[in-house]
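Written out below as structure tokens is the structure these notes cover.
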Amino acid sequence: MTNRPRASLGRVLDDLGATLLELVHGDPDRPAEIGGIVIHDPLDEPVLPSHALVLGVGLHEPDRIADVLHDLGRQQAAGLVVRSPIAAGDVLAAAVAESGVALLALTRGASWDQLAVLLRSLLADGDVGEVETLAGMPSGDLFALANATAALLDAPVTIEDRSSRVLAFSGRQDEADTARVETVLGRQVPQRYFRLLTEYGIFRELYRTDRPVHVPPLPTNGETFTIPRVAVAVRAGDEILGSIWAAVRDPLTAERSQALCDAAKLVALHMLRIRAGADVERRLRADLVSTALEGGAGARAALDRLGLAGQHLVVLALGIIAFDSDESVVAELAGESLVSQAGLAGERQRLADAFAMHLGAVHPRAAAALVGDVAYGLIPVRPDRTDGEERAVRIGKHFLERIGDRVTASIGVGPVVAEAAHLPNARAGADRALRVLRTGRGAPRVARLADVHVDTLLLELRDLIEARGDEPTGPIARLVAYDRRHNTDLVETLRAWLDAFGDVAAAAAAVYVHPNTFRYRLRRLAEVGGLDLDDPDSRFAAMLQLRLVPTT
């Protein structure tokens, strides 16, 4: 067992260099370990972790890049990544020298999202504590395995899952062909090549043997072909976990073929360890987040392990309202579920994982985990900022926009708190806001407690009334009884009139009757119910009963 080290800038360049990243200026051999990945936002100034690697999305002008480098130098950042090409000149070289922050360029065509995912996988440092080594490499380090396999085969290598998504790749990808470069940049085998591999029967052959499969050159257009590949399936017993692909110009020798088979067995062990480690890490993080939110004696220790000790925090509560699956629609409205609990639990966990990744991209110290059926997020807020809740709402809206329409979810935002002891109140506020969003029709998908406070009070009053079994009393009880005996609509008439603030024309239109008819019913309900419509207290009492007490 050994501690898995965080990646240094040198390792990042070794694993992602040439294909994705290029060092423009700076020292790649600085010994400091990268403390986190942060996306630069010119409209916000988050507190950076020590030795952060900052993604400068949208930075282009040399003078602006130089200003950001100086700002990052004061916060001891490790590096700044901007989009290639970068204009040559002494301004940036001088800024790098003065700030001590390395400047890197992201290859054109590469996705910032994919880069962030790759960097976070490289920086995974075993939050669950000590991790084992397999064959002398940190367990789960697929990039190190890809590079080791590439050295044995003398060919660039990718490790892919069953869906042909790239999990890791070796260096020297520029020695392959455009199809391989496109695959690495997109972290996915392009669809046109995937179809060709399927049509040629490559996947069928790959998954029915444990020996390397030769893949002939495939057409990229009318005259150009890919260079050959050799692939081997990665198995755990009868389960196919993925595959290893090497771009080779010459057939493999028997010795190298055996080395590829041995590598596949080792990759399988690492992939299984990643799967197990992810489950353990989820449980640990959920325990820490849950302990922090409870605010008890262990809250401070939990926040310290999460890296949030001493921070002002805002709590977000994410809950599923509904999601579409291949078989059915899941609904949690009114506590009902139309599919198995296992399917719903899986969807909650996937959504919670995406939520954690999104919050981590927004703020490197954010923490999120699924606790029960709600995914809670903790976001640090600078003490000198007064817009913490508003910022949390923006973050929540951005996340829901990105996950699309397949999952219908809502996010409640609690108040900002400065001490661990107040986190239970913040959680309760987020939960109360989420409950309103879950049960409200046409409500916003993200809201602060302050935005829906009246609705939360009404829901809580309704809970109290239901718990006591209260029934309508006074004028409302008399109107309900009269409607039942005579099949009339006096309760509906009163409800429409109150909702329209006494506007007879609007209320009549809402119930589709003539205004004169509505006025007659209004007089009649006042007589039957003994209700003084001119008395504000009587109107308020009637409105509360109609809102909170079941009348059917």
Side-chain angles (χ1 to χ4, degrees), residues 11-23 84 104-111 114-115 117-119 121-122 141-200 202-203 205-206 211-234 242-253 255-257 259-264 266-267:
R11 182 191 166 187
V12 167
L13 288 168
D14 286 342
D15 286 343
L16 304 184
T19 305
L20 289 179
L21 293 176
E22 171 193 0
L23 180 66
S84 179
L104 298 88
L106 175 64
T107 303
R108 291 189 66 82
S111 163
Q114 298 290 5
L115 176 64
V117 170
L118 282 171
L119 289 172
S121 68
L122 284 176
D141 193 343
L142 294 180
F143 278 89
L145 274 172
N147 279 311
T149 305
L152 291 173
L153 303 182
D154 191 26
V157 163
T158 59
I159 299 175
E160 303 172 10
D161 66 9
R162 277 296 302 266
S163 300
S164 295
R165 288 189 294 264
V166 177
L167 303 176
F169 53 87
S170 70
R172 300 170 51 191
Q173 297 296 332
D174 53 329
E175 297 177 13
D177 47 38
T178 56
R180 170 58 67 79
V181 172
E182 188 177 347
T183 296
V184 169
L185 291 180
R187 294 292 306 281
Q188 174 79 51
V189 174
Q191 191 61 35
R192 61 185 185 280
Y193 298 120
F194 184 86
R195 285 196 300 266
L196 285 172
L197 291 170
T198 302
E199 292 171 2
Y200 278 62
I202 301 300
F203 289 118
E205 185 177 357
L206 180 65
R211 300 301 301 173
V213 172
H214 178 75
V215 182
L218 299 176
T220 58
N221 56 42
E223 301 177 353
T224 306
F225 289 78
T226 63
I227 66 174
R229 305 281 198 271
V230 172
V232 66
V234 176
S243 54
I244 304 175
W245 293 73
V248 296
R249 297 186 181 276
D250 300 310
L252 295 183
T253 64
E255 184 180 25
R256 285 181 172 171
S257 293
L260 182 57
C261 292
D262 293 341
L266 188 56
V267 168

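The shown structure was predicted, so the numbers you read here are calculated from the model rather than taken from an experiment. Both backbone and side-chain heavy atoms feed into the values below; hydrogens, waters and symmetry mates do not.
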Quiz item: Step by step, would you call Leu206 with Ser243 a side chain to side chain contact (heavy atoms under 4.5 Å, CB included)?
Solution: CA-CA 9 Å; Leu206 180 65; Ser243 54; 3.9 Å; yes
Self-check item: Candidate pair Asp154 and Arg249, rule salt bridge (charged side-chain N to carboxylate O under 4.0 Å, His left out), full reasoning
Solution: CA-CA 10 Å; Asp154 191 26; Arg249 297 186 181 276; over 6 Å; no
Exercise. Would you please test Val215 and Tyr200 for side chain to side chain contact (heavy atoms under 4.5 Å, CB included) and show each step?
Key: CA-CA 9 Å; Val215 182; Tyr200 278 62; over 6 Å; no
Self-check item: Step-by-step side chain to side chain contact (heavy atoms under 4.5 Å, CB included) determination, Val213 to Val232
Solution: CA-CA 6 Å; Val213 172; Val232 66; over 6 Å; no
Practice problem: For side chain to side chain contact (heavy atoms under 4.5 Å, CB included), just list the numbers for Leu21 and Thr107, CA-CA rounded to whole Å, side-chain angles, deciding distance to a tenth of an Å, and then say yes or no. | Solution: CA-CA 6 Å; Leu21 293 176; Thr107 303; over 6 Å; no
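With respect to the salt-bridge test (charged N to carboxylate O, under 4.0 angstrom), the residues Arg211 and Glu205 do not qualify. Under 4.0 Å is where a charged nitrogen must lie from a carboxylate oxygen, and between Asp177 and Arg229 at least one such pair does. Electrostatic pairing of Arg256 and Asp262 does not count as a salt bridge here, judged by no charged N lying under 4.0 Å from a carboxylate O.
In terms of heavy atoms, Ala155 sits closest to Val248 at CB-CG1, 3.8 Å. In this structure, Phe143 and Ala168 approach most closely via the heavy-atom pair N-CB, 3.7 Å. Heavy-atom minimum distance, His214 versus Pro228: CE1-CB, 3.8 Å. Taking all atoms of both residues into account, the shortest heavy-atom contact from Ile202 to Pro216 is CD1-CD, 4.3 Å. Minimum interatomic distance between Pro212 and Val230 (heavy atoms only, all atoms of both residues): CB-CG1, 3.7 Å. Val234 approaches Ala264 most closely through the heavy-atom pair CG1-O, 3.7 Å.
Shown here is Glu255, whose CD atom has no more than 12 heavy atoms of other residues, nucleotides or ligands within 6.0 Å.
Once rounded to the nearest 0.5 Å, the distance linking OG of Ser170 with CG of Leu142 reads 12.5 Å. In this structure, the separation between OG1 on Thr183 and CZ on Phe169 is 11.5 Å, given to the nearest 0.5 Å. Here the OG1 atom belonging to Thr226 is positioned 4.0 Å from the CG atom belonging to Leu218, to the nearest 0.5 angstrom. Atoms CG and CG, from Leu152 and Leu260 in turn, are 9.5 Å apart once rounded to the nearest 0.5 Å. For the atom pair OG1 of Thr253 and CG of Leu153, the computed distance is 9.0 Å after rounding to the nearest 0.5 Å. Between Tyr193 atom OH and Ser164 atom OG the span is 14.0 Å, to the nearest 0.5 Å.
Side chain to side chain, Gln173 and Arg180 meet the donor-acceptor criterion of an N or O pair below 3.5 Å. Side-chain contact, Thr158 with Glu160: a donor N or O sits under 3.5 Å from an acceptor N or O.
Checking side-chain atoms of Glu22 against main-chain N and O of Leu104 turns up no donor-acceptor pair under 3.5 Å. No donor-acceptor distance shorter than 3.5 angstrom exists from the side chain of Asp161 to the backbone of Val166, with no hydrogens or angles considered.
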